[in-house]
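Below is one structure, written out as C-alpha coordinates; the observations come after it.
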Amino acid sequence: SQTIHQWPATLVQPVGSPLSLECTVEGTSNPNLYWYRQAAGRGLQLLFYSVGIGQISSEVPQNLSASRPQDRQFILSSKKLLLSDSGFYLCAWSNRDEAFFGQGTRLTVV
Amino acid sequence: AQKVTQAQTEISVVEKEDVTLDCVYETRDTTYYLFWYKQPPSGELVFLIRRNSFDEQNEISGRYSWNFQKSTSSFNFTITASQVVDSAVYFCALSEAPERVTNAGKSTFGDGTTLTVKP
(Lines give C-alpha, C1' and ligand atoms only; values in the text may rest on other atoms or scores of the structure.)
Protein backbone atom coordinates (compact mmCIF):
# COMPACT_ATOMS: atom_id res chain seq x y z
CA SER A 1 0.00 0.00 0.00
CA GLN A 2 1.02 3.57 -0.50
CA THR A 3 2.15 5.81 2.34
CA ILE A 4 3.29 9.38 2.55
CA HIS A 5 5.74 10.67 5.13
CA GLN A 6 6.15 14.30 6.00
CA TRP A 7 8.43 15.80 8.62
CA PRO A 8 8.87 17.49 10.97
CA ALA A 9 5.41 17.64 12.52
CA THR A 10 6.00 21.01 14.14
CA LEU A 11 8.65 23.65 13.64
CA VAL A 12 9.37 27.01 15.19
CA GLN A 13 11.81 29.14 13.24
CA PRO A 14 13.01 32.74 13.60
CA VAL A 15 12.39 35.28 10.90
CA GLY A 16 15.18 35.24 8.35
CA SER A 17 16.18 31.63 8.95
CA PRO A 18 16.14 28.97 6.19
CA LEU A 19 13.52 26.26 5.86
CA SER A 20 13.51 22.74 4.54
CA LEU A 21 10.47 20.47 4.77
CA GLU A 22 10.68 17.01 3.34
CA CYS A 23 8.05 14.65 1.99
CA THR A 24 8.51 11.12 0.70
CA VAL A 25 6.08 8.67 -0.80
CA GLU A 26 6.27 4.90 -0.68
CA GLY A 27 4.48 2.23 -2.63
CA THR A 28 3.95 4.05 -5.91
CA SER A 29 6.08 5.29 -8.77
CA ASN A 30 6.03 8.57 -10.67
CA PRO A 31 3.35 10.14 -8.50
CA ASN A 32 2.14 13.69 -8.91
CA LEU A 33 3.33 15.56 -5.83
CA TYR A 34 1.98 18.71 -4.21
CA TRP A 35 2.69 21.22 -1.47
CA TYR A 36 -0.30 22.98 0.06
CA ARG A 37 -0.45 25.62 2.79
CA GLN A 38 -3.36 26.08 5.14
CA ALA A 39 -3.64 29.40 6.94
CA ALA A 40 -5.53 29.43 10.24
CA GLY A 41 -9.25 29.01 9.65
CA ARG A 42 -8.84 28.83 5.91
CA GLY A 43 -8.80 26.24 3.20
CA LEU A 44 -5.81 24.82 1.47
CA GLN A 45 -3.87 26.83 -1.05
CA LEU A 46 -1.83 24.98 -3.63
CA LEU A 47 1.76 26.21 -3.61
CA PHE A 48 3.65 23.83 -5.90
CA TYR A 49 3.07 20.67 -7.82
CA SER A 50 5.32 18.31 -9.70
CA VAL A 51 4.60 15.70 -12.36
CA GLY A 52 8.15 14.36 -12.46
CA ILE A 53 11.75 14.65 -11.28
CA GLY A 54 12.99 18.20 -11.63
CA GLN A 55 9.60 19.44 -12.88
CA ILE A 56 8.09 22.05 -10.58
CA SER A 57 5.12 24.30 -11.19
CA SER A 58 4.48 27.23 -8.91
CA GLU A 59 0.89 28.28 -8.38
CA VAL A 60 1.37 31.50 -6.45
CA PRO A 61 4.27 33.94 -6.11
CA GLN A 62 5.88 33.61 -2.74
CA ASN A 63 8.96 33.37 -0.61
CA LEU A 64 9.16 29.59 -0.98
CA SER A 65 10.58 27.17 -3.51
CA ALA A 66 10.20 23.46 -4.14
CA SER A 67 12.43 20.75 -5.53
CA ARG A 68 12.02 17.13 -6.54
CA PRO A 69 15.45 15.50 -6.51
CA GLN A 70 14.06 11.96 -6.64
CA ASP A 71 10.90 10.39 -7.99
CA ARG A 72 9.23 10.09 -4.59
CA GLN A 73 10.83 12.97 -2.73
CA PHE A 74 9.46 16.50 -2.62
CA ILE A 75 11.14 19.32 -0.68
CA LEU A 76 9.79 22.73 0.29
CA SER A 77 12.41 25.37 1.02
CA SER A 78 13.00 28.96 1.85
CA LYS A 79 16.24 30.92 2.12
CA LYS A 80 14.79 33.48 4.55
CA LEU A 81 11.51 32.94 6.34
CA LEU A 82 8.96 35.70 6.79
CA LEU A 83 6.33 35.97 9.50
CA SER A 84 3.69 35.46 6.82
CA ASP A 85 5.14 32.02 6.04
CA SER A 86 3.60 30.65 9.24
CA GLY A 87 0.94 28.04 8.62
CA PHE A 88 0.15 24.39 8.24
CA TYR A 89 1.94 22.79 5.30
CA LEU A 90 0.63 19.64 3.74
CA CYS A 91 2.34 17.42 1.23
CA ALA A 92 0.19 15.25 -1.02
CA TRP A 93 0.48 12.78 -3.83
CA SER A 94 -2.20 11.78 -6.28
CA ASN A 95 -3.10 9.32 -8.90
CA ARG A 96 -5.73 10.46 -11.33
CA ASP A 97 -8.72 10.04 -9.08
CA GLU A 98 -7.63 10.57 -5.49
CA ALA A 99 -5.23 12.71 -3.51
CA PHE A 100 -3.51 11.44 -0.38
CA PHE A 101 -2.20 13.86 2.19
CA GLY A 102 0.59 13.68 4.72
CA GLN A 103 0.21 14.49 8.40
CA GLY A 104 1.30 18.06 7.88
CA THR A 105 3.91 20.39 9.36
CA ARG A 106 2.85 23.24 11.57
CA LEU A 107 5.34 26.04 10.99
CA THR A 108 5.49 29.03 13.29
CA VAL A 109 7.81 31.85 12.30
CA VAL A 110 8.72 34.05 15.26
CA ALA B 1 -10.88 31.06 -12.31
CA GLN B 2 -12.25 28.39 -10.04
CA LYS B 3 -13.82 29.14 -6.71
CA VAL B 4 -15.34 27.02 -3.96
CA THR B 5 -17.54 28.56 -1.28
CA GLN B 6 -18.47 26.90 1.98
CA ALA B 7 -20.67 29.52 3.56
CA GLN B 8 -21.02 27.71 6.87
CA THR B 9 -17.94 28.43 8.93
CA GLU B 10 -19.03 26.43 11.97
CA ILE B 11 -21.89 24.07 12.70
CA SER B 12 -22.76 22.55 16.05
CA VAL B 13 -25.24 19.70 16.44
CA VAL B 14 -26.20 17.19 19.06
CA GLU B 15 -25.42 13.56 18.47
CA LYS B 16 -27.94 11.70 16.28
CA GLU B 17 -29.04 14.86 14.51
CA ASP B 18 -28.74 15.05 10.73
CA VAL B 19 -26.51 17.81 9.37
CA THR B 20 -25.91 19.16 5.88
CA LEU B 21 -22.73 20.92 4.84
CA ASP B 22 -23.13 23.25 1.88
CA CYS B 23 -20.72 23.68 -1.01
CA VAL B 24 -21.15 26.01 -3.97
CA TYR B 25 -18.59 26.20 -6.74
CA GLU B 26 -17.70 28.32 -9.74
CA THR B 27 -15.80 27.15 -12.79
CA ARG B 28 -15.62 27.87 -16.49
CA ASP B 29 -14.60 24.31 -17.24
CA THR B 30 -17.21 22.05 -18.76
CA THR B 31 -15.67 18.98 -17.17
CA TYR B 32 -14.48 18.94 -13.61
CA TYR B 33 -14.38 16.89 -10.44
CA LEU B 34 -15.66 17.67 -6.99
CA PHE B 35 -14.32 16.26 -3.73
CA TRP B 36 -15.07 16.22 -0.06
CA TYR B 37 -12.32 15.76 2.53
CA LYS B 38 -12.41 15.39 6.29
CA GLN B 39 -9.71 16.94 8.46
CA PRO B 40 -9.75 15.56 12.01
CA PRO B 41 -7.84 17.35 14.80
CA SER B 42 -4.70 15.40 13.90
CA GLY B 43 -4.45 17.48 10.72
CA GLU B 44 -4.23 15.09 7.81
CA LEU B 45 -6.91 15.23 5.13
CA VAL B 46 -8.99 12.14 4.58
CA PHE B 47 -10.58 11.66 1.18
CA LEU B 48 -14.34 11.03 1.36
CA ILE B 49 -15.73 11.21 -2.15
CA ARG B 50 -15.10 12.24 -5.75
CA ARG B 51 -17.83 13.15 -8.22
CA ASN B 52 -17.44 14.13 -11.84
CA SER B 53 -19.38 16.86 -13.61
CA PHE B 54 -20.89 14.56 -16.20
CA ASP B 55 -22.53 12.27 -13.67
CA GLU B 56 -25.13 13.93 -11.45
CA GLN B 57 -26.20 10.75 -9.73
CA ASN B 58 -26.27 11.26 -6.01
CA GLU B 59 -24.39 8.89 -3.77
CA ILE B 60 -24.90 7.33 -0.37
CA SER B 61 -22.23 5.65 1.70
CA GLY B 62 -23.45 4.51 5.08
CA ARG B 63 -24.42 7.61 7.05
CA TYR B 64 -22.93 9.91 4.41
CA SER B 65 -24.75 11.16 1.33
CA TRP B 66 -23.94 13.71 -1.32
CA ASN B 67 -26.31 15.80 -3.42
CA PHE B 68 -24.76 17.11 -6.63
CA GLN B 69 -26.86 19.66 -8.53
CA LYS B 70 -25.18 21.08 -11.58
CA SER B 71 -28.01 23.56 -12.17
CA THR B 72 -27.21 25.33 -8.91
CA SER B 73 -23.47 24.53 -8.89
CA SER B 74 -23.79 22.85 -5.54
CA PHE B 75 -22.35 19.70 -4.02
CA ASN B 76 -23.80 19.32 -0.55
CA PHE B 77 -22.83 16.72 2.01
CA THR B 78 -25.24 15.25 4.56
CA ILE B 79 -24.35 13.22 7.61
CA THR B 80 -27.28 11.25 8.97
CA ALA B 81 -27.46 10.42 12.67
CA SER B 82 -24.27 12.30 13.45
CA GLN B 83 -21.76 10.94 15.93
CA VAL B 84 -19.11 12.58 18.08
CA VAL B 85 -16.42 11.04 15.87
CA ASP B 86 -17.78 13.08 12.96
CA SER B 87 -16.42 16.23 14.60
CA ALA B 88 -13.84 17.65 12.20
CA VAL B 89 -13.28 20.29 9.56
CA TYR B 90 -14.80 19.33 6.23
CA PHE B 91 -13.50 20.68 2.94
CA CYS B 92 -15.10 20.77 -0.45
CA ALA B 93 -12.72 20.98 -3.42
CA LEU B 94 -12.87 21.35 -7.19
CA SER B 95 -10.45 20.07 -9.79
CA GLU B 96 -10.52 20.79 -13.50
CA ALA B 97 -10.62 17.77 -15.77
CA PRO B 98 -9.66 18.54 -19.37
CA GLU B 99 -10.72 15.71 -21.65
CA ARG B 100 -12.24 14.05 -18.59
CA VAL B 101 -8.81 13.31 -17.16
CA THR B 102 -8.70 14.61 -13.65
CA ASN B 103 -5.76 15.62 -11.56
CA ALA B 104 -7.11 14.99 -8.10
CA GLY B 105 -4.24 16.69 -6.33
CA LYS B 106 -4.51 19.99 -8.18
CA SER B 107 -7.62 21.34 -6.54
CA THR B 108 -9.20 24.55 -5.39
CA PHE B 109 -10.44 24.22 -1.83
CA GLY B 110 -13.17 25.97 0.09
CA ASP B 111 -12.37 27.46 3.48
CA GLY B 112 -13.91 24.50 5.28
CA THR B 113 -16.76 23.97 7.70
CA THR B 114 -15.97 23.06 11.29
CA LEU B 115 -18.50 20.53 12.50
CA THR B 116 -18.87 19.90 16.21
CA VAL B 117 -21.05 17.02 17.31
CA LYS B 118 -21.91 17.15 21.00
CA PRO B 119 -22.85 14.05 22.98
Side-chain angles (χ1 to χ4, degrees), chain A residues 1-11 21 23 25 28 30-52 55-60 66 68 72 74 87-108, chain B residues 1-10 21-26 31-55 59 88-115:
Chain A
S1 62
Q2 304 89 358
T3 56
I4 180 168
H5 301 282
Q6 185 181 343
W7 66 92
T10 59
L11 191 59
L21 303 181
C23 173
V25 180
T28 185
N30 197 30
N32 291 340
L33 296 173
Y34 310 85
W35 278 110
Y36 279 88
R37 177 170 59 201
Q38 183 180 19
R42 301 298 302 277
L44 279 69
Q45 180 185 38
L46 180 61
L47 302 177
F48 301 96
Y49 72 95
S50 171
V51 298
Q55 301 179 59
I56 308 294
S57 296
S58 174
E59 290 295 297
V60 292
R68 185 170 178 174
R72 289 169 289 178
F74 205 24
F88 189 56
Y89 289 84
L90 283 158
C91 178
W93 77 272
S94 76
N95 52 32
R96 216 179 67 181
D97 299 331
E98 289 186 43
F100 304 89
F101 289 81
Q103 298 270 3
T105 296
R106 191 162 303 281
L107 172 66
T108 304
Chain B
Q2 299 177 333
K3 184 178 180 181
V4 176
T5 301
Q6 295 178 255
Q8 306 149 308
T9 304
E10 297 181 7
L21 309 182
D22 297 333
C23 174
V24 175
Y25 62 91
E26 297 175 27
T31 57
Y32 49 88
Y33 284 79
L34 296 161
F35 305 85
W36 275 95
Y37 293 90
K38 176 182 180 179
Q39 186 179 41
S42 54
E44 82 278 14
L45 263 71
V46 178
F47 169 87
L48 296 178
I49 191 172
R50 176 186 71 107
R51 300 298 296 168
N52 60 58
S53 58
F54 42 92
D55 180 5
E59 186 162 336
V89 182
Y90 290 86
F91 290 99
C92 180
L94 169 70
S95 178
E96 61 185 9
E99 300 178 352
R100 297 194 175 187
V101 176
T102 189
N103 184 348
K106 192 168 179 284
S107 296
T108 298
F109 281 77
D111 285 346
T113 297
T114 300
L115 173 64

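Treat the numbers as computed from the prediction; the structure is a model and nothing was measured. Order of the sequence lines fixes the chain letters, A, B, ..., with proteins taken first and strands second; residue numbering starts at 1 for each chain.
- With a 4.5 angstrom heavy-atom cutoff, A:Q45 does not touch chain B via any of its atoms.
- Within the 4.5 angstrom heavy-atom criterion, no atom of A:F100 approaches chain B.
- To the nearest 0.5 angstrom, B:F109 atom CZ is 14.0 Å from A:R42 atom CZ.
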Should B:S107 and A:Y36 be marked as a side-chain contact (heavy atoms from CB on, under 4.5 Å) after you check the CA-CA gap, both sets of side-chain angles, and the distance that decides it? CA-CA 10 Å; B:S107 296; A:Y36 279 88; 4.0 Å; yes
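- Proximity to chain B (any heavy atom under 4.5 Å) is restricted, for A:L46, to the side chain, taken from C-beta onward.
- Across every non-hydrogen atom of A:A99 and B:Y37, the tightest pair is CB-OH, 3.5 Å.
- Annotation for B:Q39 and A:F88: closest pair NE2-CE2, 3.7 Å, computed over non-hydrogen atoms.
- Minimum interatomic distance between B:E44 and A:F101 (heavy atoms only, all atoms of both residues): CB-O, 4.5 Å.
- Heavy-atom distances place no part of A:Q6 under 4.5 Å from chain B, backbone and side chain included.
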